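Only a predicted model underlies this, so the values are computations on that prediction, with no experimental measurement involved.
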Amino acid sequence: SKLIVANDALYFGTSTGLYKLNKNTIALEASYFTDSSQYIVYVKDVVNDGNGNLWLANTNTNDAAIYKFNMSSEAITTFQLAKNTTANYSFDNLDIDDNGTVWATAGNLSGFVELIPTENNPTWTVRSMTDIDDLGFHMTYSPSVVAKFKNKIYILVTNNGYSQDIANYEAIVNDNG
């Protein structure tokens, strides 16, 4: 995952959890999400929301979720999209827009999700490949990257999913927030 500099520390996620390093000595200060029995160890992506929270994309194929981790209190809030009958969602990549909406791609979802993370009643919107077509934009392959740049959210296809020899780059830009 990305290396995040926040609260005078370095944070990064791995397949074994989230780690906090001392920014000056690079010594390990703490580890989180490391209990493999909890299915939250697979931290694939980390984003700092600028409000004291890290947002984590969890890629566990059994019980994946998006987590909000408060760096001061170390409180964890879980946002889990209800499973459908054919797939458990596995979140790969995420970012947050200026309105606090979390945008994410999922490895086993053809499309992307939007999460409005109110703690008592989060709102999930799943945008399938058909939904993307209905918006008037045909994407050849499922998006794999979400990125924020200049207050816009970019939903990107960065390869064709099969061959590294044939590159395919497509993007949708959300500039409504």
Under 3.5 Å, is there a donor-acceptor pair linking the side chains of Ser144 and Thr105?
no
Rounded to the nearest 0.5 Å, the CG atom of Leu56 sits from the CG atom of Asp45 at a distance of 9.0 Å
query = Are any side-chain N or O atoms of Asp134 and backbone N or O atoms of Asp131, one a donor and one an acceptor, separated by less than 3.5 Å?
reply = no
Taking every heavy atom of Ile155 against every heavy atom of Pro143, the minimum-distance pair comes out as CG2-CB, 3.4 Å
Indicate, with yes or no, if Val46 and Leu3 share a hydrophobic cluster defined by side-chain heavy-atom contacts under 4.5 Å among Ile, Leu, Val, Met, Phe, Trp and Tyr.
no
- Task: Please tell me if the side chains of Thr59 and Ser90 come closer than 4.5 Å, counting only heavy atoms from C-beta onward.
- Result: yes
TODO: Taking the side chain as every heavy atom from C-beta outward, state whether Phe91 and Asn58 have any pair of such atoms under 4.5 Å apart.
DONE: no
Partner of Trp103 under side-chain hydrogen bond (donor to acceptor under 3.5 Å, both in side chains), picked from Asp95, Asn93, Asp97, is Asp97
The reported gap from CG in Leu135 to OG1 in Thr130 (rounded to nearest 0.5 angstrom) is 11.0 Å
>> Any heavy-atom pair between the side chains of Val43 and Ser15 that's under 4.5 Å?
In response: no
Closest non-hydrogen contact found for Pro117 with Pro122 is CA-CB, 4.5 Å
*asked:* Please determine whether residues Ile116 and Val126 belong to a single hydrophobic cluster, defined as Ile, Leu, Val, Met, Phe, Trp and Tyr linked transitively by side-chain heavy-atom distances below 4.5 Å.
replied: no
Taking the six-membered ring for Trp, are Trp124 and Phe112 closer than 6.0 Å centroid to centroid? no
OH (Tyr19) and CG (Leu10) are apart, to the nearest 0.5 Å, by 15.0 Å
One should read off an interatomic distance between Lys20 NZ and Phe12 CZ, to the nearest 0.5 angstrom, of 13.0 Å
Of Tyr67, Phe69, Phe79, the one forming a ring-ring contact (aromatic ring centres under 6.0 Å, His included) with Trp55 is Phe79
dist Glu29:CD -> Asn22:CG (nearest 0.5 Å) comes out at 4.5 Å
dist Asn53:CG -> Ser72:OG (nearest 0.5 Å) comes out at 8.5 Å
- Using a cut-off of 6.0 Å, state whether more than 12 heavy atoms not belonging to Lys2 lie near its atom NZ. yes
Margin query: Tell me whether Thr118 contacts the main-chain N or O of Asn120 through its side chain, where contact means a donor paired with an acceptor under 3.5 Å.
Written below: no
Presence of salt bridge, Lys68 and Asp49, under 4.0 angstrom:
no
**Prompt:** Hey, any chance Phe149 and Leu156 share a hydrophobic cluster, counting ILVMFWY side chains that come within less than 4.5 Å of each other, even indirectly?
**Reply:** yes
| said: Does any part of the side chain of Val5, heavy atoms only, come nearer than 4.5 Å to the side chain of Lys23, both counted from C-beta? | reply: yes
Measuring only between side-chain heavy atoms, which start at C-beta, is Leu54 closer than 4.5 Å to Leu18? yes
Notebook entry, point to check: Can you find a pair of side-chain heavy atoms, one from Ile66 and one from Leu94, that are under 4.5 Å apart?
Noted result: yes
Walk me through whether Val113 and Leu81 qualify under side chain to side chain contact (heavy atoms under 4.5 Å, CB included).
CA-CA 9 Å; Val113 298; Leu81 180 59; 4.1 Å; yes
